[in-house]
Protein chains: 2
Amino acid sequence: MALKIRKNRAAPPPEGCPLSECLSIIGGAWTPNILWYLAAGPRRFSELRLDIPRISAKMLTTRLKELEARGIVTRTVVPTSPPSVEYALTAFGHELMPAITAIVEVGEKLKRRHADAEDAPQP
Amino acid sequence: MALKIRKNRAAPPPEGCPLSECLSIIGGAWTPNILWYLAAGPRRFSELRLDIPRISAKMLTTRLKELEARGIVTRTVVPTSPPSVEYALTAFGHELMPAITAIVEVGEKLKRRHADAEDAPQP
DNA sequence: CTGTATCCTGTAAGATACTG
DNA sequence: CAGTATCTTACAGGATACAG
């Protein structure tokens, strides 16, 4: 016999969800940020670029395509004088937001802890 | 002037949290899985390796060290005959779980949608 | 058992320049 | 404005072998 594993084993991540896959949705480097800004309402390409200054056009395009393919955002070409493109969250896209905000909250907690209790571990 | 940005701009991720940083906590390739299994109770190194079969020793070590450094897990050497090491979530570590479960839920939704509505976009 | 050290790879992502 | 194409780099992560 190999190893005596204790049986208090957690149920594996629900139904073969390796969780890695789940993360691949929102785990893309910039994806959370994009979703964050899109959650406030439709936004154009260049607006997003300004929202997220350090993102490159390439990355933004890539992520948006990805999200579009997954049914998380819609892409609408608005035939104005200089043609512009609007991106917006789908209904399904909005359903993802709880995960995003949960992560943000966690991030907040962590930062607070870092700033505050660097040398004072929990009692 | 550069661009007329609509003002319905989302508040940026709370307090300079680029969100990227927040994700770096749980965004590490295997971190969510580790956390998931650890949430059920303390676990030894090799138990985790069996829980997460495809993880390499190197990655597991790396992630665990990271998590320990961040005060998310504790590392306890148990001086048994063959020495073993127990990892456990700290109280703070448990606080992160909502984010993990939120992500899992999102992943579930996405999978269901994929399996079910591949050619039937939302009405 | 619990790691560490080394090597090697693929891929994500930055920079840059160009098109419709 | 809204992208695409190409090149390049950095780093995460796998495999393997070894150490305490």
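Chain naming here is simple, since letters A, B, ... match the order of the sequence lines and numbering starts at 1 in each.
In this model, the phosphate group of D/dT4 is approached by a side-chain N or O of A/Lys65 to a distance below 4.0 Å at OP1 or OP2. Residue B/Arg49 has no polar side-chain atom (N or O) positioned under 4.0 Å from OP1 or OP2 of C/dT2. Between B/Ser46 and C/dT2, a side-chain N or O to OP1/OP2 separation shorter than 4.0 Å is present. Between A/Arg75 and D/dG3 there is a side-chain N or O to OP1 or OP2 distance below 4.0 Å.
With a 4.5 Å cut-off on side-chain heavy atoms, B/Arg49 and B/Leu60 count as touching. A 4.5 Å side-chain heavy-atom check between A/Asn33 and A/Asp51 finds every atom pair outside the cut-off. By the 4.5 Å heavy-atom criterion applied to side chains, B/Leu50 and B/Glu47 are not counted as neighbours. Here the side chains of B/Trp36 and B/Val104 are in contact, with some heavy-atom distance below 4.5 Å.
Rounded to whole Å, the distance from CE on A/Met59 to C1' on C/dG14 is 9 Å. The OH-P distance, from A/Tyr87 to D/dA2, rounds to 8 Å in whole Å. At whole-Å resolution of the value, CD1 in B/Ile55 and P in C/dT2 are 14 Å apart. Rounded to whole Å, the distance from CD on B/Glu86 to P on C/dG3 is 12 Å. Distance, B/Ile34 CD1 to C/dG3 P: 12 Å, rounded to whole Å. As a whole-Å value, the separation of A/Arg44 CZ from D/dC1 P is 8 Å. Summarising the geometry, the separation between CZ on A/Arg43 and P on D/dA2 is reported as 12 Å, rounded to the nearest angstrom. Remark: C1' of C/dA5 and CG of B/Leu60 are 17 Å apart, rounded to the nearest angstrom.
Ion pair A/Lys65/A/Glu68 not flagged as a salt bridge, since none of the NZ, NE, NH1 or NH2 atoms sits closer than 4.0 Å to an Asp/Glu carboxylate oxygen.
In the set D/dG3, C/dG14, C/dG3, C/dG14 carries the atom at the smallest distance from any side-chain atom of A/Trp30.
Using a 4.0 Å heavy-atom distance criterion, B/Ser84 is classed as a sugar-phosphate-only contact.
Each of A/Arg54 and A/Pro83 lies near DNA chain C, and the nucleotide nearest A/Arg54 is the one positioned closer to the 5' end. Between A/Pro82 and A/Lys58, it is A/Pro82 whose nearest contact on DNA chain D lies nearer the 5' terminus.
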